[in-house]
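Presented below is the structure to which this report refers.
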Amino acid sequence: MPFGLLLMLWGYLQYRLCGRYLMDTGEGSGYGQFSWNLRRESRAGSRAPARLVTSGPYQYTRNPMYMGHIVFMAGLVFAFRSAVALALALYHTWWLHQRALEEEVLLARRFGEEYAEYQRHVPRWVPGLRL
């Protein structure tokens, strides 16, 4: 199987499995449960998480679902070897980073010191790498 397709499969599975883990342990509403509007702290079809999930894949990175999405997009770049795929991957990576920053504000507001402690010990993106 070509390298790009393997990355796409890895990214897809990481996204889905981390989402399932989050849904099962955080008691949220599933995909997009942290995607609240900054002003209203709500989003149609989603609700705020009942608790902060810091176990499983979330003990290594604060955004394993988003990392899965980025790995999938990297797979698209390798699979299609096109400038369009590269542009999409770069845009998506930027967009997910912005979204993660917005969600951090909401999570800090909702969970206070518990989230601040989590931020101090778990990197936003790559395990073992502070960015």
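The aromatic rings of Phe78 and Phe3 sit perpendicular to each other, their planes meeting at more than 60°, with 30° as the lower class boundary. Between His92 and Trp95, the ring planes are perpendicular. Angles over 60° get that label, and only those under 30° would be called parallel.
Interatomic distance, CG of Leu106 versus CZ of Phe111, reported as 10.5 Å (0.5 Å rounding). Between atom CG of residue Asn63 and atom NE2 of residue His69 there is a gap of 13.0 Å, rounded to the nearest 0.5 Å. For the atom pair Glu117 CD and Thr54 OG1, the distance stands at 10.5 Å (nearest 0.5 Å).
The residues Arg110 and Glu103 are annotated as not salt-bridged, no charged nitrogen and carboxylate oxygen being separated by less than 4.0 angstrom. Under a 4.0 Å N-O distance rule, the pair Glu102/Arg99 does not qualify as a salt bridge.
Here the side chain of Thr61 pairs no donor or acceptor atom with the backbone of Val126 at under 3.5 angstrom.
Linking Ile, Leu, Val, Met, Phe, Trp and Tyr whenever their side-chain heavy atoms come within less than 4.5 Å puts Trp125 and Trp94 in one cluster. Grouping the Ile, Leu, Val, Met, Phe, Trp and Tyr side chains by contacts below 4.5 angstrom, directly or via other members, places Tyr66 with Tyr91. One hydrophobic cluster, built from ILVMFWY side chains closer than 4.5 Å, cannot hold both Val71 and Leu86; they sit in different ones.
Other residues, nucleotides and ligands contribute more than 12 heavy atoms inside 6.0 Å of the CZ atom of Arg120.
For Tyr118, the ring-ring contact (aromatic ring centres under 6.0 Å, His included) partners at least two apart in sequence or on another chain are Tyr115. Under the side chain to side chain contact (heavy atoms under 4.5 Å, CB included) criterion, Ser82 pairs with Phe80, Val84, Ala85, sequence neighbours left out.
Closest heavy-atom contact between Pro123 and Gly128: CG-N, 4.1 Å. Here the closest non-hydrogen pair linking Val53 and Tyr58 is O-CB, 3.5 Å. The two atoms that bring Arg62 and Gln119 nearest to each other are NH1-O, 3.3 Å, heavy atoms only.
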Carefully, step by step, assess Leu101 and Arg124 under the rule side chain to side chain contact (heavy atoms under 4.5 Å, CB included). CA-CA 9 Å; Leu101 294 175; Arg124 179 181 294 131; 3.5 Å; yes
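For the pair Met67 and Leu96, the minimum side-chain heavy-atom distance is 4.5 Å or more. Contact annotation: the side chain of Met65 never approaches that of Tyr21 to less than 4.5 Å [non-hydrogen atoms, C-beta and beyond]. Side-chain contact between Leu76 and Leu88 is absent, with no heavy atoms from C-beta onward closer than 4.5 Å.
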Distance-only criterion, 3.5 Å: show the donor-acceptor pairs between side-chain atoms of residues 4-13 and protein atoms not counting sequence neighbours.
unit_1, atom_1, unit_2, atom_2, d
Trp10, NE1, Gln14, OE1, 3.0

